[in-house]
Amino acid sequence: MKWLRKIRFKFGALLGKGKFDTEMDAEMRMHLELRIERNIDAGMSAEEARYAALRDFGGLDQLKERARDQRGGLWLGHLTQDLRYGLRLLRKSPGFTATAMLTLALGIGACAAVFSVVNAVVLHPFAYPKVDRLMDVHNVFTSNGIQDNVTPGNFVDYRQQSTSFADLAANHSSGENFIIGKEPMRLYTEYVTANFFSTLGARPFLGRDFRPDEEIRGKGNVAILGYNLWRNYFVGRPDVIGQTILMDDKVATIIGVMPPDFQTFANRNYGPALYMPMTDWGSLRQERSRHSLQVIGRLKDNVTQAQAARELSLIAGHLSQQYPDTDKGWGVSIIPLLDDTIDLERPLLFTLLGAVGFLLLIACANIANLLLARAASRQKEIVVRTALGASRGRIVRQLLCESMLLASCGGVLGVLLAHWSTRLITSILPPDLVGSANIAVDSQTLIFTCVVVLLTGIGCGLAPALQAARVDLNHALKDSGRGTSAGKHGLRLRSVFVISEISLALILLMSAGLLVRSFLAFENMDRGYQGRDVFGTPMLLTQNKFDVLQNRINFVDQVLEKISHLHGVSSAVFTNNGDPIGVFEIAGQPAAAPRFGPSARYQIVTPEYFKTMGIPLLRGRAFTAHDAPATPLVILIDQGLAKRFFSDKNPMGQRINLPLTDGAPAEWREVVGVVGTVRFENDNYYGVQDRVYIPYNQYPTRDLFLIVRTTPGTPLNIRAISSAVHSVEADVPLTAMFGNDPSGQGGTPGIRRLSMLLSTVFSAIALLLAAIGIYGVMAYNVAQRTGEIGVRMALGAQRSDVLQLVMTSGARMICLGILFGLAGALASARLLGTLLFNVGAYDPVTFGGVTLAISFVGFLACLLPSLRATKVNPMVALRAE
Amino acid sequence: MEKTELLSGTLDLLVLRVLNGGPLHGFGIAERIHVLSRDVLTVEEGSLYPSLYRMEEKGWIEAEWGQSDKGRRAKFYALTKGGRKQLANERQTWDRVALAIADVLRNA
């Protein structure tokens, strides 16, 4: 039972510490008494005997402490002792505790919040297993490198012939009208191959996955719901499996529900509401001209990306020989899914992570300064403890324990802060940003935070603790009255902290400044249209009556008439949904092979489109109500296209053939005007493309997109708009309206805005902390030198001399800080490089402005203590000496 | 009185050996070593008690409060089974080292 005894012994040491101490006391006393008796026996007087015994015995308390150290399990006892003592101390100085905890909470909270974003968006955007093996497959037009989706025909061939992939899956999305319950609604539906989910490594959390035979026509009337649709419209009922939903022409049975964290890369605009199998393979596999499918593949374990790319290229080569009409000039490329979805977000978010790291460092430096000041005022206590036998390590341990306590409390507060701010961040981020739904203070964030807290506790506590424990007993005790002997060295250390704070703050401010200027440049860039107060929503006319073209035209006219008379609406127009690209031919210019001519995005618009969007008409005329099916076909081109193809001629009256449907006979359209080039936010992602415009009445599509411009300052009245639409046609479903960017897209601006906002907030905090740091050191400095200043003034120094004396020491710190900071900022600006937009990395405005701002704030922080120094009353100061 | 410092590591051995004769309190142990070494070795309290607590924790000795011969309450230390084993080990080691040192001193 040796172990039992051992445990009892250790617990005895821990729990019965009081008992252990009294026993030890008794033992020592008795030892001493025996010794005195022996001394008396040896012939000493009682007094002498006692004195000799005590002298031989040595320091009783030191002996006891050393004896205690021999007992195992004592570190735990020490720890609880230190913790209790630390807590008591923190409670005793609530001002200090609150300041330190809040500072650390800000630093740690910011770190945790940004980490949770980076973790969700960059590190784990998809919850798919082995996500690095997933590859996006694109068709590439080899002559210009433009990527497009894959044609169904090509997909079938890749799937049959390729051996590099464990699985190849495809999907395409489309809006469909449903009736769920009694409510008509338009839902974005993802049509997928049956192996789509299994390729990604995802499974429905309710019900089952698609079966391979459900890709066959007639068997594919099944649907898997997205989590949101299930929760919102089926109120999360598990018995939804087996229920049916009505579509325009068929009934589909619900067979499964996807889990909430399932997010597809597909259709960043809306996020699919439900999934259905692709079925029309009989006709689809013949389709080699429409690049309609997004294709994703999971590489086999032993195949590299390069090998797979080589194999696919080989297949593509064969196909272009086999089908020269459609496949000639088309190659294939594969890109890891992760790279394909996040390319600008990644560096921006890592920059933010760096920024919070700096912020935390500054916070640590501040706390370290506070702790140093406290240590100086606690020197007496530490001297006494050392005299009572505490070893240096023991003192350092205790002080570290205090800083760990501070860091832990700060960490707890910080986690709360992060929890609250991630919600804020998520609301700023575009909802379609992949992974943004998973942003939360989760277990990984908590682990990260724990590590940060540990590092913070050590980081801000170690230097002050080492500094404080460095006491020279004799010196310190002799110097008892003032307790400032460690002041000199401590002050130097504090200055070093402040200088690094200033440098870090400067680097942070500089980066934030550059990001802000990039953001402003990006926002204020002339986009060629006025996006403010513009809202839009898609609409699809599926009812049988709309098989007649004139009915569509009538619908559009009536809806626009009603909506534009609504209160708060300045104008309303229709365009086509989506932003398709067409290949065109120009009369009189050499024709390229079919499909390989010049291309442009085309939009089908009602006459007021240009006025509503604020796109300037540069030449000719805009569309009018007179451009009708029976009148000559017309087209508008934008300035970019005019320059590119009609550089030396007048484009007016030129003729362009833009086949809008495959295999349609040539439809030559006359150019009647030139409008300005627009850059939708999305265009910054893919590069600006030329645009042409076609009057709606000459191509009345079913797939509409309503755009409403409100009068400035009036909120959009969605209810009024939808009742206007429904008064014309009751069964046309509406989805939510979204604002400001009619292309409905824009992952990048959201991230830009977020990083700009956050880095601005961070650098403001950093500046504040640095100012507090400077102030603290200067105030301490002045307090230390009160006596000296008093002497100087007694000897005839003027107030201005004193002011100069104090300010100079402050100015030296600030200058050094700025110097180091500038060096660091120059280096880090280069790292920012690709994130900047129309702003040079060494932008003089930013550099100058930030340097000025820091100098000014530093100056203010120095000024207050300096002024206090001039108010020193020499008599009082000298008397205090 | 000339004090001779104990060789490091030998204190434990001496304490164990002394306790092999029966339980003793701290002062008694120091006295016994002093006397047995014919006043050559003096055990400092500053080393003795840490050593006792260390050995107690290792389980070589155990302590019990009892009456001293003069009727005082004192803490008596006694050898455990493990302590006896440890004593044998240390003694063997010591003998070997002492012999070796003696050899070196004699033959060098």
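Protein chains get the first letters and strands the later ones, always in sequence-line order, with residue 1 at the start of each. Heavy atoms only: backbone and side chains are in, while hydrogens, waters and symmetry mates are out.
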Closest non-hydrogen atom pair, A:Pro464 against A:Leu372: CA-CD2, 3.7 Å
Identify all side-chain donor-acceptor contacts of residues 24-31 of chain A below 3.5 Å with residues at least two apart in sequence or on another chain.
{"from": "A:Asp25", "atom 1": "OD1", "to": "A:Lys64", "atom 2": "NZ", "distance (Å)": "2.3"}
{"from": "A:Glu27", "atom 1": "OE1", "to": "B:Tyr53", "atom 2": "OH", "distance (Å)": "2.9"}
{"from": "A:Glu27", "atom 1": "OE1", "to": "B:Tyr77", "atom 2": "OH", "distance (Å)": "3.4"}
{"from": "A:Glu27", "atom 1": "OE2", "to": "B:Tyr77", "atom 2": "OH", "distance (Å)": "2.6"}
{"from": "A:His31", "atom 1": "ND1", "to": "B:Tyr49", "atom 2": "OH", "distance (Å)": "2.6"}
{"from": "A:His31", "atom 1": "NE2", "to": "B:Glu45", "atom 2": "OE2", "distance (Å)": "2.9"}

statement: Note: A:Cys460 and A:Ser403 closest approach over all heavy atoms is SG-CB, 4.4 Å
task: Could you walk me through whether B:Leu16 and B:Leu13 pass the side-chain contact (heavy atoms from CB on, under 4.5 Å) test, one step at a time?
output: CA-CA 5 Å; B:Leu16 288 173; B:Leu13 171 63; 5.6 Å; no
message: I'd like to check B:Asp12 versus B:Met55 (side-chain heavy atoms, cut-off strictly below 4.5 Å). Are they in contact?
response: yes
message: Please output the residues of residues 86-93 of chain B in contact with chain A, using a heavy-atom cutoff of under 4.5 Å, in numerical order.
response: none
task: Begin from the C-alpha positions of A:Leu406 and A:Phe96 and carry the test side-chain contact (heavy atoms from CB on, under 4.5 Å) through to its verdict.
output: CA-CA 10 Å; A:Leu406 276 177; A:Phe96 164 81; 4.0 Å; yes
